[in-house]
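First the structure, in the form of structure tokens, and then the observations on it.
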Amino acid sequence: MDDLTIQIKKLLVEKDAVLLAHNYQVSEVQLIADHLGDSLELSRLAADVKNSVIVFAGVKFMAETAKILSPEKKVLLPRLDAGCPMADMLTADELRYLKEQHPKAKVVTYVNSGADIKAESDACCTSSNAAKIVANIDTDEIIFVPDRNLGSYVQSIVPDKKIILFEGYCYVHNRIKKDEIIEMKKLYPNAKIIVHPEVRSEIIELADEVLSTSGILRYASASPAGEFIVATEEGLLDRMRRENPGKKFYPALRPKVCQNMKRTTLKDIYLSLVHDRYEIEIDEEISKKALRSLNEMLKYV
Ligand code: 13P
Ligand code: SF4
């Protein structure tokens, strides 16, 4: 173990802190984390862990979600500039406008969104339970924000409901093109194609499975297949290779990188623990309202 890792481990114990990290984090951060997971797993952990401090190696909406679910805890985001561009695409005013346009609709919001958007919503969802939440919400008309790709995928699974989409998208997943997957399949004809639901519908059509980041990992580990084309951010492939050394994992031709997820380094985590930075704070009213929609999200696996 190097010196920085030893210092971080020591500080985590001294400060009664837990380090949660998303599957897209750089390998060094993944390796030192107490828990690694997708948005739903990390939200559940944030709600359940007993530590008084949560250090969140991920992006801002994830740390905010942790704070809303555990308001009594101190939640630290080591890099203030680790945001999610998709979460920033929709403003609360735009959502209120959509609600006025569709007064009978309920709002299902992807967790990749700001706290103020969650506060205006009926339920939140993640990539692993979006379809279940839409299927179970007690209305036939649903405003789904902000990801149009995830929303269209959900519409294909729940055709009986009318989904009103917003035009948000993830710059990493939306860049994956059909010809990249076709090219990879030519190179590796026996490989299973597993994709994240933030990809375009033309990629979903080519997929054997459409899953959240941890869902992709679980599927590949359990599958008898030995080769996989994985259309998502490359950090997940690092984890897949590490945990499945006998199997082969290929990106969508050129690896796709979320710069925001890659910002957090071990040094940032160390400094975060030393200086208690950057502490997440959320307006109490917004937090209380957002908690209701997050609790709806936690009802479904
Ligand atoms: P998961 O919840 O599937 O880990 O996805 C989070 C994310 O930001 C994907 O881009
Ligand atoms: Fe946001 Fe896309 Fe990065 Fe996920 S991969 S954090 S959706 S920008």
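Both ligands and their constituent atoms are indexed starting at 1 by order of listing. What you are looking at is a predicted structure, and each value in this text was computed from that prediction instead of being measured.
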- request: Would you list the protein N, O or S atoms within less than 2.8 Å of atom 2 (Fe) of ligand 2, leaving out water?
  value: Cys170 SG

query: In terms of hydrophobic clustering (I, L, V, M, F, W, Y; side-chain heavy atoms under 4.5 Å; direct or indirect links), are Phe56 and Val49 co-clustered?
result: yes

- prompt: Is the closest basic N to carboxylate O distance between Glu233 and Lys262 below 4.0 Å?
  reply: yes

message: Would the distance check show the side chain of Lys247 and the main-chain N or O of Pro224 forming a donor-acceptor pair, the cut-off being under 3.5 Å?
response: no

query: In the protein, what heavy atom is nearest to atom 5 (O) of ligand 1, and what distance, to one decimal place, separates them?
result: His196 NE2, 3.3 Å

message: Looking only at side-chain N and O atoms, does Thr91 offer a donor or acceptor that is under 3.5 Å from a partner on Glu94?
response: yes

task: Have a look at ligand 1 and work out which part of Asp38, if any, has a heavy atom under 4.0 Å from it: side chain, backbone, both or neither.
output: both

query: For Tyr97, which residues count as a ring-ring contact (aromatic ring centres under 6.0 Å, His included) partner, sequence neighbours excluded?
result: none

message: Does either side chain, that of Asp38 or that of Thr213, offer a donor lying less than 3.5 Å from an acceptor on the other one?
response: no

query: Do Asn112 and ligand 1 have an N or O pair less than 3.5 Å apart?
result: yes

query: Side chains of Glu227 and Tyr250: donor-acceptor distance under 3.5 Å anywhere?
result: yes

message: I need the atoms of ligand 2 closer than 4.0 Å to a non-hydrogen atom of Tyr24, numbered in the order shown.
response: 5 (S)

Closest protein heavy atom to atom 7 (C) of ligand 1, given as residue, atom name and distance to 0.1 Å: Glu198 OE2, 3.7 Å

- prompt: Would you call Arg96-Glu120 a salt bridge at under 4.0 Å N-O?
  reply: yes

query: Ser128 and Tyr300: side-chain donor and acceptor closer than 3.5 Å?
result: no

- request: Tell me which part of Ser212 gets within contact of ligand 1: side chain, backbone, both or neither, using heavy atoms under 4.0 Å.
  value: both

query: Do Arg292 and Glu285 sit within salt-bridge range, that is, some charged N less than 4.0 Å from a carboxylate O?
result: no

message: Quick check on contacts: which atoms of ligand 1 are under 4.0 angstrom from a heavy atom of His22?
response: 1 (P), 4 (O), 5 (O), 6 (C)

message: I want to know if ligand 1 touches Asn23 in the polar sense, i.e. an N/O pair below 3.5 angstrom.
response: no

- prompt: Do Arg239 and Asn23 have side-chain N/O donor and acceptor atoms under 3.5 Å apart?
  reply: yes

message: Contact between Gln25 and Met261 at the side-chain level, heavy atoms closer than 4.5 Å - yes or no?
response: yes

query: Does Glu233 have a non-hydrogen atom less than 4.0 Å from ligand 1?
result: no

task: Please could you name the atoms of ligand 1 that Ser127 approaches to less than 4.0 Å, counting only its heavy atoms?
output: 1 (P), 2 (O), 3 (O)

message: Give me the nearest non-hydrogen protein atom to atom 6 (C) of ligand 1 as residue plus atom name, then the distance to 0.1 Å.
response: Ser39 OG, 3.4 Å

- request: Answer side chain, backbone, both or neither: which part of Val111 comes under 4.0 Å from ligand 1, heavy atoms only.
  value: neither

query: For ligand 1, which atoms have a heavy atom of His173 less than 4.0 angstrom away?
result: 10 (O)

